[in-house]
Amino acid sequence: MPELPEVETTRRQIEKIMRGRRIERVDTTEPSYFFLTPPDRLRRRLGGRRIERLDRAGKYLLAELDDASHLLLHLGMTGQLFSSEAASVRLLSATARSSLSPEAQTRFEPDQHTHLRFVFEDRGTEVFFRDVRKFGKVEWLAPGQSSPRLDLLGIDALLVTGELLFDVGRHRKTSIKAILLDQSVSAGIGNIYADEALFLAGVRPGRAARRVTRRECEAIAGFVRQVLERSIETGGSSINDYVAPDGSDGGYQDERKVYARTGEPCLRCETPIKRKLVAQRSSHYCPGCQK
DNA sequence: ACCGCACCCTGAGCGC
DNA sequence: TGCGCTCAGGGTGCGG
């Protein structure tokens with residue numbers, strides 16, 4: 001779900017709200033898998049700090065604080081970072097929504113899945129991090145402390161080149177899709193945009209990376225950059241239950257050509273789209289267009 | 001060094 | 001109506 005475009009869209013919207021503001025306090029849920037830094041420590045470290053900026057590295061968000069420490073966030077599969085200003089019941093599933101009172105449906109209240117709540121000193125708009133499945137992550141980094149997670153990231157996917165994919169691919173004994181999903185090669189591509197870019201490039205996801213030509217690698221890289229940029233332009237997104245921080249649906253859903261279109265006719269040649277497991281991810285491709 | 005796989009977690013959707 | 005099953009994909013870590 002949240003791949004580079006969704007994370008970048010989130011960054012742009014949330015930075016506007018967080019930047020330059022001082023945190024009065026942070027509310028958290030209980031310790032869990034989600035917290036790389038224990039929640040009590042997180043509350044202590046963040047209280048009183050001003051947020052200088054919000055950056056993105058691959059699918060990670062990195063907030064810089066005024067004491068030179070950093071807050072690292074990852075949305076995982078179901079993470080949502082949003083503001084109270086824009087928060088709406090659209091963040092909840094249809095069934096969860098229908099169980100709420102009409103009043104509760106118009107104003108967001110933190111629930112058991114809301115792991116972080118930023119309350120600012122000016123008591124204005126609040127920011128929430130909600131994550132149902134807890135695949136998301138939050139970690140506080142002391143000044144100067146490096147993060148293995150960040151250090152492992154390859155070049156940002158918006159800058160990926162065919163040359164890089166070709167050079168990496170020729171030495172690996174795995175599929176081209178696995179290369180695209182490998183965050184240490186290029187950071188930011190997820191399952192959906194990988195399928196879309198491979199479709200546009202005419203290369204099947206399961207093809208051995210070493211069998212992909214230099215020319216094809218150039219095409220793949222070009223389409224990766226294109227679909228990511230296009231998705232950011234349209235407000236980022238790719239999947240049914242993604243909701244942007246302002247509560248709106250992402251705009252990219254209507255542009256998917258293969259992802260989640262199993263059995264439907266290819267938009268180019270009308271061959272039914274196939275679904276197959278590649279790199280432990282459901283992968284969608286057109287047997288007619290992709291070789 | 002690299003690959004494939006199990007696992008972390010919860011909700012939606014489906015068949016019976 | 002409700003139970004049990006499968007699926008969803010982000011990342012980590014381990015065995016081969």
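By convention in this document, chain letters (A, B, ...) are assigned in the order of the sequence lines, proteins followed by strands, and residues within each chain are numbered from 1.
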Visitor: Is the distance between the ring centroids of A:H74 and A:Y60 under 6.0 Å?
Guide: yes
Visitor: Categorize A:G79 for me: base, sugar-phosphate, or nothing, with a 4.0 angstrom heavy-atom threshold over every strand shown.
Guide: nothing
Visitor: Taking only side-chain N and O atoms of A:H113, does any of them lie within less than 4.0 angstrom of OP1 or OP2 on B:dG11?
Guide: yes
Visitor: Name all stems that contain residues of DNA chain B, defined as runs of 3 or more consecutive Watson-Crick or G-U wobble pairs, both distances under 3.5 Å.
Guide: B:2-8 with C:10-16, B:10-16 with C:2-8
Visitor: Counting any heavy atom closer than 4.0 Å, what does A:S282 reach on the DNA or RNA strands: base, sugar-phosphate only, or nothing?
Guide: sugar-phosphate
Visitor: Do the side chains of A:R50 and A:E121 get close enough for a salt bridge, i.e. N-O under 4.0 angstrom?
Guide: no
Visitor: Any chance you could measure A:L116, atom CG, to A:L46, atom CG, to the nearest 0.5 Å?
Guide: 8.0 Å
Visitor: On a plain distance test, is the side chain of A:Y33 in donor-acceptor contact with the base of B:dC9 below 3.5 Å?
Guide: no
Visitor: How many whole angstroms separate atom CG of A:L152 from atom C1' of C:dG13?
Guide: 12 Å
Visitor: So, do A:F135 and A:Y33 have ring centers that fall under 6.0 Å from each other?
Guide: no
Visitor: Rounded to the nearest Å, what distance is computed from the CZ atom of residue A:R256 to the P atom of nucleotide C:dA8?
Guide: 13 Å
Visitor: Considering heavy-atom distances to DNA chain B, does A:D182 or A:R281 have its closest nucleotide positioned more toward the 5' end?
Guide: A:D182
Visitor: Please report the distance, rounded to the nearest Å, between NZ in A:K173 and P in C:dG16.
Guide: 18 Å
Visitor: Could you tell me how far apart A:L277 (CG) and C:dT6 (P) are, to the nearest whole angstrom?
Guide: 15 Å
Visitor: Distance check: side-chain N/O of A:R275 vs OP1/OP2 of C:dA8, anything under 4.0 Å?
Guide: yes
Visitor: Roughly, in whole Å, what's the span from OH in A:Y193 to C1' in C:dG10?
Guide: 15 Å
Visitor: Regarding A:R53 and A:D55, does a basic nitrogen lie under 4.0 Å from an acidic carboxylate oxygen?
Guide: yes
Visitor: Please tell me if A:K137 has a side-chain N or O lying less than 4.0 Å from either OP1 or OP2 of C:dG11.
Guide: no
Visitor: Respond yes when some side-chain nitrogen or oxygen of A:Q280 is under 4.0 Å from OP1 or OP2 of B:dA6, and no when none is.
Guide: no
Visitor: Establish, yes or no, whether a centroid distance under 6.0 Å links the rings of A:Y193 and A:F199.
Guide: no
Visitor: Let me know the distance between CZ of A:F34 and P of C:dG10, rounded to the nearest Å.
Guide: 17 Å
Visitor: Mind calculating the distance between CG (A:L61) and P (C:dG10) to the nearest angstrom?
Guide: 15 Å
Visitor: With a 4.0 Å limit, can you tell me whether A:T174 has a side-chain N or O closer than that to the phosphate oxygens OP1/OP2 of B:dC2?
Guide: no
Visitor: If you compare every side-chain N and O of A:K134 against the phosphate oxygens of B:dT10 (OP1, OP2), does one of them come in below 4.0 Å?
Guide: yes
Visitor: Find the distance A:I179:CD1 to B:dG4:P and express it as a whole number of Å.
Guide: 10 Å
Visitor: Determine, for A:R21 against A:D122, whether the closest basic-nitrogen to carboxylate-oxygen distance falls under 4.0 angstrom.
Guide: yes
Visitor: Less than 4.0 Å between a side-chain N and a carboxylate O, is that true for A:R130 and A:D111?
Guide: yes
Visitor: Taking only the side-chain nitrogens and oxygens of A:R172, find out if one of them lies under 4.0 Å from OP1 or OP2 of B:dC3.
Guide: yes
Visitor: Can you identify which nucleotide, out of C:dG11, B:dC2, B:dT10, has its nearest atom closest to the A:Q183 side chain?
Guide: C:dG11
